[in-house]
Structure formats: structure tokens, C-alpha cells
Amino acid sequence: MESKDYIAYFTMEIGLIEAMPTYAGGLGILAGDTVRAAADLEIPMIVVTLLHRKGYFRQRLDASGAQTEEPASWPVSELLLETDARCAVEIEGRTVNLRARKYEVKGVNGYVVPVYFLDAALAENSEWDRALTDYLYGGDEHYRLCQEIILGIGGVRMLRALGYGDAKRYHMNEGHAALLTLELAHELAHQAWELAYEPVNPVVNPEFVHLIRHKCVFTTHTSVPAGHDKYPLDMVHRVLTDYHGAFDELEKEFCPDGVLNLTSLAVDNSHYINGVAKRHGAVTQQMFAEYKIDSITNGIHIATWASKPMAEIFDRHIPGWREDSTSLRYALKIPKKEIWQAHRQSKQNLFEQVNRTSSVGMDPDVFTIGFARRAAVYKRADLLFLDSARLTGIAARSGSFQIIYAGKAHPQDQAGKDIIRHLYQIKDALKDKIKIVYLEEYDMDLAKTLIAGVDLWLNTPQPPLEASGTSGMKAAINGVPSLSVLDGWWGEGCIEGVTGWAIGHDEGSLASQDDRAEDAHSIYNKLEMIILPMFYDETGRYAEVMRSAIALNGSFFNTQRMLSQYVAKAYFK
Ligand SMILES: *Cc1c(COP(=O)(O)O)cnc(C)c1O
């Protein structure tokens, strides 16, 4: 490809297929769904990521819910194509050689978007350097910085080695890729040097970095300043040796408070910056008041996440839905009975799996609540049990229900691991009143089965920390309504009683709130007064909500619509 006619998309994680565990959660799944939509819409995109030969990790839970981790190695050479392309970066004065391996994502009409995985496991590298593309979010902050050098700087060099000229835009999916701005400036400095505008060695100065701003697009996915990667400058000096001391000049401009903040670097050097839902855009705007922050609400790739039974009724009633996600609007014309039956089939599939792996004996006739998230504290997975007596009372009065949980805690997140253990204690304590199961190893496959097979998708993050969330969108296209805090995408997706239900009120506040008691109370009221009675006594009305969730939310919260907005606002503007 010559130049200026493609979009380079950089991401630290990506969820492409089940067999490639190179994602940790929503960010990687979003990257995968974005690329699938790019292939559908035939948008010329080239993707750069790291290989992560040992994946994120495989989750094991013992009888008390204590999590241990195992490497999630995968058959790299079976799944990826070899390329001859090689490049190198300098880390701590050592040359780290990289190769690229390729995966091809095919769109609905066969258009291909290539994904290049950078791999440092080459014989000529030291043993330590060879391991730099092993673990996603593994190791310490030093390991992370090395990986970010490989992604940002090595990624740009690899594009050139593969024969790609300058891209129309470089899209940074989160701050992990921000060092690419320095490498683009380095290229400019080099060109200027070659044209003899500069008498001595090329220096990457801040002016060059600002000159590449029009080429860069930055999407932030985090709502808390602590969620952004920051590195002490002495470490940066030690590790990032590629620019031969040029960092001294850069740090005056980009590191005013003595740390390299990758989010600030990306924000300062992008012509278009966005949050991933309207509210998240506003929260981010507050954090970076001197820049213009827009928002493009996330989506999902519908053909990937529709269960088989649901895809079959879409095939029957909505021809062309795979090519054009907006056509899901016409789900409004599908008879409610068919939606109900397709959902029953998805539920059956889930229950076969659950009852094979656990001995709880879940009953497909019983109302089932699903909750699967990264086990991070702010997701408040145990909020539902704040008042267990009230909850069991509801089960006795308004109809019984059962609950299915899943989710991994980051290996170093002790508080996240405690939440899983706490849920295990609750599960055992309530076992005669409410059936609860916690499924191991939440991944793309399990997500697809679980989300489509429950009757209600519960989401309880502490506002405003959920930047977007996407699992509720996957639920919606499978006819599963959400009961959720009005944070992230649900602030836009919730039409009360039509597409699902809200927990608490939307005060429109951007400040942090943690009204656990109030939110739990709201969950209990909605379950007792509205949701359970509707499910058991007015099934037709419940099916109506299921259908509206598909039509109203599926037709909008998808990556085809999302990517069209990136094209109009950021890529080709
Ligand atoms: C969709 C998905 C996520 C992200 O869901 P959230 O709603 O953002 O928490 C995480 N993990 C897996 C496996 C998924 O499929």
C-alpha cells in the first residue's frame, strides 16, 4: 500500500477468536469487534498488536473461590501466518529484534483486514527480551513500559518493514500505544535531516511531535486518573534509549510533573480525542479541560455475538442484517413468540453447559439473572446481596430466581479476588433459597453462551467509573434486557420498561457516587414489583421488552455504526 490511504489501528489487546487469548476484557473485545466491522464495511485498516504468546491467563477457582492463574499458551504458528518482515527497537541500550505474524479478519463480503502481531521471541534476542511479548498485562511496570515501546515504536517500524507508507491516521486504542507519536516525530526529524534542513543528527524535538498531530486519533477508555499508565522519568531514561538522549527535550514539554503519562502524551498529540459513551466523554472533558474531547459510543459486532437460535430468526425475518446492523430495527416486526422460543433455545444451551460443569441443578423454567465482569471492585459484583434477607424474601413472594456469575480478577488485584471469594460464601450460605453458580474462565465462548441464555443482565458499576461497558449490548441483541446503573452506555440505551430497567436515578452528576444501599434498594424494588411479576404473569409483556431491546439497542449499539462515526469524525475528516 502506498501512503495516506489506510488507517493504522494500534491496540495492546485484541479478542479475535476463542483460541487466541490475547485479550483481558472489554478493551480487547472492542478492538476485535471494531476490526470485524472494518472488514464488513471495507474500511482500509491495518491493525498492530502484540503476540502475547502466553495470553492473559487461565482462571482456576478452588472450592472456596480462591483464584489461581495458569499461562494461556496458544498454538501461534497454527493460527498465524509467518511474514518476512523484521524490525528492531532499542531498550536499555540493547537491540530488541521483532518479527510480525499475521491474522486475517474477513468481512461479511470477504474483504480482509490484516492484524499484525509483534513477536520478540527471536533467537538473536536475550532470554529476557524474548519474553517481552509473552504476557498481556503481566509483570511489573518496567515490563509494561518495554511492551509499550514495542507496540508504539516497534509498531510503526514494522508497518514500514511490511511496506506500508505513512498512514492517513494512526488510531491509538487507549494510551498503551501513545509512544507511536514519538516514532512518527522521529521519522519526520529523519526526513528533515536527510533533506539537510538539520546540520547534525536528527533530534526528536517537541515541534516535530506536534507536527504529526493531524495524523493521530486517540480513544480513551478509562474514567479514573489512576487508570492511566504513568512512568517515573528515571525509568523512562533508562529504558527508552532509542532516541539517544533526545528525550531530555521532550520531557520538558510532555512530562511537566516528573512522570511520563501516556494518556497525556496521546491527548496532547492527537487531532481527534474521544470517550466511549456520551457521559464518559463529559467525564474525560473534565479531566482534560484545555482540549476538545468528543465521544463516540461503543458498540459490538452483531454477527459475532448473536446466538445461533437468534441468528436464525434474524436470517428468516431480516435479510441483510449481517451486512447492515441498522436493519436490526426491523426486529420490531418479528412475532414475539419466535423471539421467546429462540431465547428458550439459547437458555437450554447455557443450562446444558452449566449443569455439566456444576452440580447446582439449574432449572430452565426459573427466571435467571446473569452477571459476568472483570472482578474489579468498582463493578460491585456483590451489591445484589447487600440485604440477603430481603432478597430471599423476594424470591419467596414474587417468584423464584437463580443467578449465574463469571469473571476473572487481575492476578495482582487482591481486592478483586476477595470479591470472588465473597460470592462463593454467599452462594453456600443461600444455597437452600437461591441457586447461585460462579463459572470459571470467563472468555469469549462462555460470554456468548452466558449472555444470550439468561433472562436479565445485571450491571452494577459505581458511577461514573464504567466508561461504556459492552456486555449489556451483547445481551440486548439476544433479547436479554438489562437491569443496570445508569452509567456508561446504559445512560443512552435505557428506556425504562421498554429496553430494560434502571437502577437508581440519573442525577447527571459526573462526580463519583457510591450509594450502595440506595442502589441495592432500587434493585430489590424493580425485581419485586416489576420484573419478576412481568416475567411470570405477563410473559407477553416481557417478550415485548426483549424485542425492543433487540430493535432499539441492537440497531444502534453496534460497531458498524460506531466505526462509521470514526470515519466521519476522525479518520477521513
Ligand atoms: C464483552 C466482554 C467483556 C466486556 O464486558 P463489560 O460489559 O465491558 O464488562 C469482557 N470480557 C468478555 C469475555 C466479554 O465477552
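These numbers were taken from a predicted model, which means no experiment stands behind them. Just follow the structure's listing: the first ligand is 1, and inside any ligand the first atom is 1.
- Centroid-to-centroid, the aromatic rings of W340 and F535 come within less than 6.0 Å.
- Note: Y571 and H171 meet the aromatic proximity criterion, with ring centroids under 6.0 Å apart.
- Any N or O atom pair closer than 3.5 Å counts here, and T470 shares at least one such pair with ligand 1.
- Of all atoms in ligand 1, numbered sequentially from 1 with element shown, those under 4.0 Å from a heavy atom of G25 are 10 (C), 11 (N).
- More than 12 heavy-atom neighbours from other residues, nucleotides or ligands sit within 6.0 angstrom of NZ on K569.
- Side chains of S484 and N459: a donor on one and an acceptor on the other come within 3.5 Å.
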Review point. Going through the checks in order, is the salt bridge (Lys or Arg N to Asp or Glu O under 4.0 Å) test met by D418 and R421?
Key: CA-CA 5 Å; D418 288 347; R421 270 202 303 269; 2.5 Å; yes
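- With hydrogens left out, the protein atom closest to atom 9 (O) of ligand 1 is K379 NZ, 3.3 Å, a heavy atom.
- The contact set between ligand 1 and G469, taken as ligand atoms under 4.0 Å from a residue heavy atom, comprises 7 (O), 8 (O).
- For the pair D443 and R58, the salt-bridge criterion is not met [side-chain N within less than 4.0 Å of a carboxylate O].
- The atoms of ligand 1 that sit less than 4.0 Å from any heavy atom of A447 are 15 (O).
- Using a 3.5 Å distance cut-off with no hydrogens or angles, the side chains of S471 and W457 do pair a donor with an acceptor.
- Using a 4.0 Å cutoff on heavy atoms, R374 does not count as a contact of ligand 1.
- Every atom of ligand 1 is numbered from 1 in the order shown, and the set under 4.0 Å from a heavy atom of G26 is 3 (C), 4 (C), 10 (C).
- Protein heavy atom at the shortest distance from atom 7 (O) of ligand 1 is S471 OG, 2.5 Å.
- In this structure, H52 has its ring center no closer than 6.0 Å to that of Y137.
- Nearest-residue assignment for atom 3 (C) of ligand 1 (options M473, R373, K474; heavy-atom criterion): K474.
- Atom numbering of ligand 1 starts at 1 in the shown order; those under 4.0 Å from a heavy atom of D443 are 13 (C).
- Distances from ligand 1 to the non-hydrogen atoms of W489 include no value under 4.0 Å.
- Atom 12 (C) of ligand 1 has Y442 CE2, 3.6 Å as its closest protein atom, hydrogens excluded (heavy atom only).
- A salt bridge does not link K106 to D40: none of the charged side-chain nitrogens sits closer than 4.0 Å to a carboxylate oxygen.
- Ligand 1 has no nitrogen or oxygen under 3.5 angstrom from a nitrogen or oxygen of Y23.
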